[in-house]
Amino acid sequence: MLTNFKVGILGGDARQIQVIKKLCESDATVYLVGFDELEEQIPGSIKTNMENIDAEELDAVLLPVRGTDHEGYLDSHFSDYSPQLTEEWAENLKPSTLVFTGITNNYLTTLCDKHNLNLIPLFNRDDIAIYNSIPTVEGTVMMAIQYTDFTIHDSDVVVLGFGRTGITLARTFKALGARVKVGARKPSDLARIYEMGFEPFETKTVNEHVSDCNILLNTIPAPVVNVKVIQNMPQDGIIIDLASKPGGTDFRYAKKRGVKAILAPSIPNMVAPKTAGDILASVIVQILNEQGERGSY
Ligand code: NAP
């Protein structure tokens, strides 16, 4: 149980609702910033704002999955305004306060380092990223169906990246009857891609493997789907770019060439916020309970 435990939830989307519920069920006191338009009243939670929250009393802070922007602003789907995680606010937090985020950036990492805060980028954890690949890929299948006039079955699919999301993508699209090629750069990944029955190629040669590609799925957060690649794709092919913003696709050139290219962020929140929130909630509560058992708060 998290009795006497105080958590500040600063912004976020529908996934956060599951986390709030789970924390409240565990008897934590939960302060919500950026949730003024949330209609549901979750017992044990208190709506407030950055100015009125006692930062020094918090044991943990939960940021949106995307973390902050480069000035500390936080996405807030349940409010018209974006809370800001400023230097002045963060310096009031106790050293070692847990700061949960999905992913981090320079601003957030530097801020946490400077004030000795314990930053936990949840998507660095393999377990969370692998569980999260389930709703991500279900949503990608939905988009592939929605934006094309052909079946996935009997189509040619190229997956770029063979990490936590790329593996689930390749397996799922193959199970739906597509011919799947996968681009990776590590020899061990290329071997595993072959072993799993996909056609492997080195990512840097992707432009040589897209001439018959109907659906290109990118998970590499680097500019890999460049002019050369898009030039070699069929014009009626589609690119779904899952990599974190700004994605890995030259969207300007794709538009110019008439190849449909979609940057698809936060798919789990779009298609399965409850499941995606439960994945985060169970790990966050587990970490907080472990901290409590160690007496580190
Ligand atoms: P991951 O497990 O780290 O996999 C990333 C893959 O990209 C690996 O195969 C990696 O190769 C490769 N890669 C990274 N940088 C590269 C580069 N410069 N050149 C060539 N290959 C490179 O990550 P993940 O969990 O699958 O997530 C992938 C991306 O999708 C991230 O940007 C993540 O934020 C995003 N994502 C988006 C959604 C969504 O809803 N849109 C959902 C989940 C994840 P190596 O192993 O050789 O480094």
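In this text the structure is predicted, and so the values were computed from the model without any measurement. Counting convention: from 1, in listed order, for ligands and their atoms alike.
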**Q.** Heavy atom of protein inside 4.0 Å of atom 17 (C) of ligand 1, strictly below
**A.** yes

Q: Number the atoms of ligand 1 from 1 as they appear, then name those within less than 4.0 Å of a heavy atom of P265, with their elements.
A: 40 (O), 41 (N)

(Q) At less than 4.0 angstrom from any non-hydrogen atom of S266, what atoms of ligand 1 do you find? (A) 39 (C), 40 (O), 41 (N)

(Q) At less than 4.0 angstrom from any non-hydrogen atom of I267, what atoms of ligand 1 do you find? (A) 39 (C), 40 (O)

Q. For ligand 1, is P268 a contact, meaning one of its heavy atoms is under 4.0 Å away?
A. yes

Q. Near A222, which atoms of ligand 1 are under 4.0 Å from a heavy atom of that residue?
A. 18 (N)

Q.
Just to confirm my output: which protein heavy-atom neighbour is closest to atom 36 (N) of ligand 1, and how far is it?
A. L242 O, 3.6 Å

Q | K22 bridged to E25 by N-O distance under 4.0 Å | A | no

Q.
Taking 4.0 angstrom as the limit and counting only heavy atoms of F162, give me the atoms of ligand 1 inside it, by number and element.
A. 9 (O)

Q | Inter- and intrachain pairs under salt bridge (Lys or Arg N to Asp or Glu O under 4.0 Å), touching residues 29-48, at least two apart | A | K21-E40

(Q) Looking at ligand 1, is there an atom of it that comes within less than 4.0 Å of some heavy atom belonging to T136? (A) yes

(Q) Taking A28's backbone N and O only, do any of them form a donor-acceptor pair with S26's side chain (distance below 3.5 Å, no angle check)? (A) no

Q. Hey, what's the ring geometry for F201 with H209, parallel, tilted or perpendicular (30° and 60° as the breaks)?
A. parallel

Q. Just one of N105, T101, I128, L63 clears the side chain to side chain contact (heavy atoms under 4.5 Å, CB included) bar with P121, so which one?
A. T101

